[in-house]
Amino acid sequence: MTETLKDRLVREIVLTGPMTVADYVTRCLHDPRDGYYATRPALGERGDFITAPLVSQMFGELIGLWAIEVWSRLGEPERIRLVEVGPGDGTLISDALRAARLVPGFLQAVDLILIEPSAPLRAEQSRRLADTDVHPRWLSALHQIETDAPVILIGNEVLDCMPARQFMKTEGGWAERRIGVTDDDELTFGLVAISGGFERPGYGVEPGQVVEISEQQAAFARDLATLVRAASGAALLIDYGRARPGAGDTLQGLRRHTKVDPLTTPGEADLTQWADFPLVLEAAVRSGADVTGCVGQGAFLKALGIEARAQRLMQGRPEAAPVIQRQLDRLTAPDQMGELFKAAAIFSPRSLALPGFEG
């Protein structure tokens, strides 16, 4: 019988002790043999989850127009590095580049960089972008991006793939929530007492509540801040998560658009945790960059003109008007993606005003 990722994790935990939630999620997503991204299933309706670019072309088109406006406000430099982190199947950047045809000077200036660790997804991105005006190059990390030209970076649903450790307040003090093994070799959550190395949150937490702290998200923010300070430019982050500090267990598994127990089938479901925008923006500020406020995705897209874009699409394709309206609602309505998903940006210099955050 072939050894599964679960088998290997169980053996490792038995030998070395309970595993942090962050380490467990990282293994489930990035194990080179059996990790979720190494054996990536289809995205969209046929896959395990759907992202905003797959809901409607309007999302990627508006992000493309956002990038053009930022380029304009930077003084229309002759060279601009357009970067997407975690491009998925390439839909967002493809739609963005199509919209950018309205401004040929922008496309002529673009050096397109995709940060993507997954070989299957790199292949899909290459296929989707084969006929676009700009040919991408792939890098593995932010620090590989040259800083001799301004940078405009897009990160849509990237932070939620950067896991957090979990800590729980108990009647007897703080403990870390970790993953152990039962007597019948099943994975299970448990608590491990901690005595130091944990910065207690600055907000009220009741016994039994979970606090999540993601060093990966904070480190990513520091890297973004370093990049935009050195090169100038802006990094746009859109994700589902919290706009204010607070407690809550946000770990979830998704398989075929249905929530599943994150411990049952390691490597076979997408595991995510909320983006912690307060943590991310604070880390960027501490690293010397400027940041915008955190706004709902619906408000952000409306500020960019998504309602007018939807109306034009409906006028051009009256028969598709009901579908376009549903797509618009899904992206912007408060009870759909409009408020759960947030947008924020990290930028430099301070004088750079970013579209969508000026209200």
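For residues 131-165, no pair satisfies ring pair (Phe, Tyr, Trp, His ring centres under 6.0 Å), with sequence neighbours left out.
Closest approach of Ala269 and Val260 over heavy atoms only: CB-CG2, 3.8 Å. The two residues Asn156 and Pro53 come nearest to each other via the heavy atoms ND2-CD, 3.4 Å.
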Under 3.5 Å, which donor-acceptor pairs link side chains of residues 219-238 to any protein atom two or more places apart or in another chain?
{"residue": "Arg222", "atom": "NH2", "partner": "Glu215", "partner atom": "OE2", "Å": "2.3"}
{"residue": "Thr226", "atom": "OG1", "partner": "Arg222", "partner atom": "O", "Å": "3.0"}
{"residue": "Arg229", "atom": "NH1", "partner": "Ser287", "partner atom": "O", "Å": "3.1"}

Side-chain donor/acceptor pairs under 3.5 Å, residues 290-298, sequence neighbours excluded:
{"residue": "Asp290", "atom": "OD1", "partner": "Arg350", "partner atom": "NE", "Å": "2.9"}
{"residue": "Asp290", "atom": "OD1", "partner": "Arg350", "partner atom": "NH2", "Å": "3.4"}
{"residue": "Asp290", "atom": "OD2", "partner": "Arg350", "partner atom": "NE", "Å": "3.3"}
{"residue": "Thr292", "atom": "OG1", "partner": "Ala345", "partner atom": "N", "Å": "2.9"}
{"residue": "Gln297", "atom": "NE2", "partner": "Leu331", "partner atom": "O", "Å": "2.9"}

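The pair Arg128-Asp95 does not count as a salt bridge, with every side-chain nitrogen at least 4.0 angstrom from each carboxylate oxygen. Between Arg8 and Glu12 there is no salt bridge, since none of the side-chain N atoms of the basic residue sits less than 4.0 Å from a carboxylate O of the acidic one. Checked for salt-bridge contact, Arg178 and Asp23 miss the test: no charged N lies under 4.0 Å from a carboxylate O.
Clustering ILVMFWY residues whenever any of their side-chain heavy atoms sit less than 4.5 angstrom apart, transitively, puts Ile63 in the very cluster that holds Leu102.
Heavy-atom contacts from other residues, nucleotides or ligands closer than 6.0 Å to CZ of Arg79 number more than 12.
Under the rule for a side-chain hydrogen bond (donor to acceptor under 3.5 Å, both in side chains), Arg312 has no partner lying at least two apart in sequence or in another chain. The side-chain hydrogen bond (donor to acceptor under 3.5 Å, both in side chains) check on Gln166 picks up Arg177, Glu212, Asp249, with sequence neighbours excluded. When the ring-ring contact (aromatic ring centres under 6.0 Å, His included) test is applied to Phe167, the partners found at least two apart in sequence or on another chain are Phe198.
In this structure the side chain of Thr20 reaches within 4.5 angstrom of the side chain of Glu176, judged on heavy atoms. Counting only heavy atoms from C-beta outward, the side chains of Trp71 and Val110 never approach each other to under 4.5 Å.
Exactly one of Tyr240, Phe277, Phe59 qualifies for a ring-ring contact (aromatic ring centres under 6.0 Å, His included) with Phe341. That residue is Tyr240.
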